[in-house]
Structure formats: C-alpha cells, structure tokens
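A note on names: the letters A, B, ... follow the listed sequences, proteins ahead of strands, and every chain is numbered from 1. Excluded from the calculations below are hydrogen atoms, water molecules and symmetry mates; all remaining heavy atoms, backbone and side chain alike, are included. Bear in mind that the values here come from a model prediction, so they are computed numbers and not experimental data.
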Amino acid sequence: MPELPEVETVRRGLEQRLAGRVLARVDQRRADLRFPLPRDFAKRLTGRRVVSVGRRAKYLLVNLDDGNVLLAHLGMSGRMVLEKPKGGPQTLGKFHHDRGKRDRHDHIVLTADDGWVVKFNDPRRFGMMDLVPAERLAGHKLIKNLGPEPLDPAFDAQALALRLKGKKTSIKTALLDQRVVVGIGNIYACEALFRAGISPKRLARTVQGARVEKLVAAIKAVLDDAIAAGGSTLRDYVQASGELGYFQHRFQVYDREGKACVSRACRKKVRRLVQGGRSTFYCANCQR
DNA sequence: CTTGGGTCCTGTGCGC
DNA sequence: TGCGCACAGGACCCAA
C-alpha cells in the first residue's frame, strides 16, 4: 500500500499528532527490521521532542530537537497505528480489523508525553528505520540517489524526458525506478499510464514530446487525487465504521484484470501482464 | 553504466 | 477444514 500518497497521508497524521510532543517512552521490540536498527535506538529517541515530520520520496522524516532525523520507510506492509490515551485505535496507512493477531508485528512503539501512542506495525518487515544527523541526511545511502519529487513544480515534462532519454526498459518499469522519479509504486504507475493513454510496454526512451507532457500531468493528477482521498477516508475512519477504502475504489485499471475498461467508449477487458516481476494492469485499446 | 532477476518476510485468498 | 501455491503496496544487491 504505501506509495507516495499513503506515505504523505501518514506524514500528515504524524505531524498533527507528534509535532511539539516529547517522546516520553520508546519500546523497541526487535533488533532489526529490514536492516539492523542503530545501536541504542530507543535510548537515543527517548526524551526527544519532535520538531516536525517531513517526507522525501516514500521515506518519512521525523525531525528531532537534537538535530537527528528518524528516517522511516514503510516497505510493503508497514503502517503507523495511532492510539488515543483512552479510546479506540486509529490507523494511518491501513484499516485495521482483527487486532490481537497483529500485535506481534508492532515492532516500535512510541509513547508521547500527552499519552498518545504511535505503533510502527510491519508484518513483512520490508520497512526500515534509522537515526541520522540532519546534515548527513542528503548524503545517506538510501536518500542520495533519489530522483525528483513528482509533485514538485520543478518536475515537468522536460525533467522527466531527460531521465527517460535513452532508457531501454519499458515505461512502466522506468516509473518504478526511484532514480527516475520518486514515490510512484506499482498501483500509481499503472493508473498514471492509463490516464495518459500510454502502453506500459512502450520503451521509456520513446516517451517524449506530447506523450511525456501527458504522462507528467497524469502522474501529478493521480497522486493529488489519491492524497485527497486518503485524507478524507482517514477522517472517516475516526468514526470506525470499518469501510475498506482509501483510493482503491477509484482504481481504473489496477487489480481489475478481466473487468471492463472504465472508458465508456471502450469497455474492452483490462489485461494483466508481468514486467520486472510485478503485475501490470492496462487497457490495450486505450493505451498505446 | 544499464538491465534483469533473485531476495528478504508474513499473510491472504483461491482451487482442490 | 486443510493444504499447497500464487501473489501482495518495495527496493537493495549482484551478475551479466
């Protein structure tokens, strides 16, 4: 689930909940996630005040008052679960049903000085956390090679065209390459290509001119829409009715194999293929 | 340098 | 019901 819109939604929730708060207690329940956690991780976090919460690509950046940044990635299955001092939990990143069975995947538990609890839950443990001095963040191994932010105004057709130039892989695979553009995952790569009317099989280097203009607009639009939807369903979730949601009700091709293309004029079946080991969903009629 | 494939890990859903 | 298999939102690492 966590692509840019989901991470941004989580960022906003964490910012609202944690900014200005002191981390009164930190429980670390494993020595490692995807990578080993740094030495004295919990100890170094305890007593720190959260200044703000930022985001770069799919990484969360929790800025601390000692000049360090808590760098976090949700991987495939990571989420942040917020729990009120009294009352039901609120999940950022995914709805939660059947509690209890899941608790063993609460790897890091932060308790703020106002009693709110933030649990980092990640069954598959593809997520990661690290503590790095702010001035060394840009040079961090996982950060230094990241491409442009898709919602940055500086990310325009020219910027994308430059990065696709000469690329022999498919455009779908290129969009998943975080050196080309960050934040796009398997869902939004499929959705953006559908909106742009571009075949996922098309060679990246041939996406130029009008096509790259269209693709950039589609990427920005789909991410914006998803962030807007994430925000609204998150508010809905506070009332805990259990609707399964977010943006998934609005997928036009993702996970819709065999279903009718949403285009009124088309209605052909959505197809699935595998590229770079990942499923791609597309309409062969609408996407060229 | 680029590119493709294997890999990490657990959970879920499906066919039989 | 149980079992085995395919597949799942990511991205690093290494061989070619």
Choosing from B/dG11, B/dC9, C/dG10, which nucleotide comes nearest the side chain of A/P123?
B/dG11

Regarding the side chain of A/H105, the nearest nucleotide among C/dG10, C/dA11, B/dT10 is B/dT10

Winner on side-chain proximity to A/T169, out of B/dT10, B/dG4, C/dA8, is B/dG4

To the nearest angstrom, how far is A/K144 atom NZ from C/dA11 atom C1'?
16 Å

Starting at CZ of A/F281 and ending at C1' of C/dC7, how long is that distance when rounded to a whole Å?
10 Å

May I ask you to verify if any side-chain N or O of A/K58 is less than 4.0 angstrom from the OP1 or OP2 atom of C/dA11?
yes

Given atom CZ of A/R56 and atom P of C/dA11, what is their separation to the nearest angstrom?
12 Å

Of B/dC8, B/dT10, B/dT3, the nucleotide closest to the side chain of A/R34 is B/dC8

Looking at the side chain of A/F35, which of B/dT3, B/dC9, C/dC12 is the nearest nucleotide?
C/dC12

Quickly, which of A/R30, A/R79, A/K119 forms a salt bridge (charged side-chain N to carboxylate O under 4.0 Å, His left out) with A/D106? Name it, please.
A/K119

Mind checking the P distance from B/dG6 to C/dA6? Whole angstroms is fine.
14 Å

So is the aromatic ring of A/F126 stacked onto the base of C/dA11, judging by whether the centres are under 5.5 Å apart and the planes are under 30° apart?
no

Partner lookup for C/dC14, please. Criteria are Watson-Crick or G-U wobble with both distances under 3.5 angstrom; report none if nothing qualifies.
B/dG4

Among B/dC9, C/dG10, C/dC12, which is the nearest nucleotide to the side chain of A/L142?
C/dC12

Spacing between A/D177 atom CG and C/dC12 atom P, to the nearest angstrom
10 Å

Testing C/dA8, C/dC13, C/dG10 for proximity to the side chain of A/K141, the answer is C/dC13

When you compare the side chain of A/K172 with that of A/K201, does any pair of heavy atoms fall below 4.5 Å?
no

Classify A/L176 by what it touches in the nucleic acid, base, sugar-phosphate, or nothing, heavy-atom distance under 4.0 Å.
nothing

By nearest atom, which of the nucleotides C/dG10, B/dC9, B/dT3 is closest to the A/R179 side chain?
B/dT3

Less than 4.5 Å apart, side chain to side chain, heavy atoms only: is that true for A/Y188 and A/L4?
no

Are A/E149 and A/R56 ion-paired here, with the side-chain N under 4.0 Å from a carboxylate O?
yes

NA contact type, A/G277, heavy-atom cut-off 4.0 Å: base, sugar-phosphate, or nothing?
nothing

Length of the line joining A/D122:CG and C/dA8:P, which is rounded to integer Å:
18 Å

I want to verify a distance call: between B/dT3, C/dG10, B/dC9, whose nearest atom is closest to the A/H73 side chain?
C/dG10

Any Lys/Arg nitrogen of A/R11 or A/E8 sitting under 4.0 Å from an Asp/Glu carboxylate oxygen of the other?
yes

OP1 or OP2 of C/dA8 sitting under 4.0 Å from any side-chain N/O of A/S77?
no

For salt bridge (charged side-chain N to carboxylate O under 4.0 Å, His left out), just list the numbers for A/E191 and A/R250, CA-CA rounded to whole Å, side-chain angles, deciding distance to a tenth of an Å, and then say yes or no.
CA-CA 10 Å; A/E191 295 294 315; A/R250 301 193 207 175; over 6 Å; no

With a 4.0 Å cut-off on heavy atoms, is A/T173 in touch with a base, just the backbone sugar-phosphate, or nothing at all?
nothing

A/Y59 side chain: which of B/dG4, B/dT10, C/dC12 is closest?
C/dC12

